[in-house]
Amino acid sequence: MTGIKIDGKEIASDVKDRVRRAATELKNQGINPCLATILVGDNPASVTYVKNKHNACEEVGIETKDFKLPSNISQLEIDKIIDNLNKDNSVHGILVQLPLPEQLDEFITTSRISPLKDVDGLTPHNAGLLTMGKAILVACTPSGIMEMFDYHNIDLEGKNTVLINRSNLVGKPLYHLLLERNATVITCHSKTKNIVEFCRSADIIITAVGDRTKFTLTPDMIKKDAIVIDVAVSKYQEKLVGDADFDQIIQKASFATPVPGGVGPMTVAMLLKNTITAASLSNQIGK
Ligand code: GUN
């Protein structure tokens with residue numbers, strides 16, 4: 001017996017259909033949803049991610065503005081660009097692709113975005129609302145994972161859930177989303193002792209390490225019928241891999257996500273959804 005594959009492409013396509021309809025409705029009300037992306041430098045992975053985001057916007061009828069900035073841009077200069085986008089009524093969502101080069105501070109840069117246009121949910125305002133269960137714009141990867149659970153009617157109440165990540169984009173927002181659904185959540189990280197013991201006790205494992213030389217989630221580390229969500233993408237032995245080998249882990253898990261084709265497409269789909277939410281917010285506030 002093997003478990004069920006959680007197919008990110010299929011679920012993302014479902015989300016995109018809803019987004020497409022919402023975009024049409026907004027256009028009928030005179031609002032043309034638009035996402036501005038800011039890419040600093042030419043990190044190949046970031047270039048690909050931003051290109052995928054633009055293509056996805058086009059697919060569902062969301063306009064894009066593309067800011068490609070030199071890798072040596074100063075904090076003052078990028079702040080000015082963000083300020084102008086905050087003021088621009090034709091732009092509803094602003095995304096600064098991470099990571100940023102060393103001279104730019106990620107917190108200062110992302111905090112500069114208007115909370116109403118913060119489609120990554122990274123501003124202190126939106127991150128704070130999330131901790132209080134009042135979030136409107138939530139980081140895309142975590143909300144995409146919640147969509148995956150809902151698509152498969154996976155009940156999270158009382159489930160022992162282990163996160164292997166504590167970043168602002170993944171682990172921290174997930175912690176709060178899962179807690180809202182009454183899961184019991186433990187966050188593991190690079191300094192956690194006995195990570196394997198935490199994994200073996202988990203009903204659900206959400207792993208996002210992204211370095212096979214440091215961590216691999218193997219079937220002996222999970223409980224029978226556990227649910228495994230693999231957020232990681234890295235290159236290992238010339239292949240794109242997650243933290244687990246899907247073909248092996250699915251032999252023991254009840255549900256698991258593949259890499260690629262799992263969480264990745266969901267991140268993009270939720271960005272589109274957040275852009276629509278931001279465009280709708282602008283409409284409500286404008287009235
Ligand atoms: N880099 C990797 N993932 C993300 C993401 O979800 N948002 C942004 N802004 N940068 C990223």
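Residues: numbered from 1 along the sequence shown. Atoms within a ligand are numbered from 1 in the order they appear, just like the ligands themselves.
Close approach of ligand 1 to Val96 is summarised as follows: ligand atoms under 4.0 Å from at least one heavy atom of the residue are 8 (C), 9 (N).
With 3.5 Å as the limit, one finds a donor-acceptor pair spanning the side chains of Ser74 and Glu77. Checking Asp225 against Ser254 by side-chain atom types alone, no donor-acceptor pair falls below 3.5 Å. A donor and an acceptor atom, one from each side chain of Thr267 and Thr141, are located under 3.5 Å apart.
Atom 1 (N) of ligand 1 has Leu98 O, 2.9 Å as its closest protein atom, hydrogens excluded (heavy atom only). The nearest heavy-atom contact from the protein to atom 5 (C) of ligand 1 is Leu169 CD1, 3.7 Å. The protein heavy-atom contact nearest to atom 11 (C) of ligand 1 is Gln97 NE2, 3.4 Å.
In this comparison of Thr267, Asp120, Leu39, the heavy atom closest to atom 8 (C) of ligand 1 sits on Asp120.
Under the 4.5 Å side-chain criterion, counting only non-hydrogen atoms from C-beta, Val91 is in contact with Lys65.
A continuous path of hydrophobic side-chain contacts links Ile11 to Leu174 [ILVMFWY only; heavy atoms under 4.5 Å].
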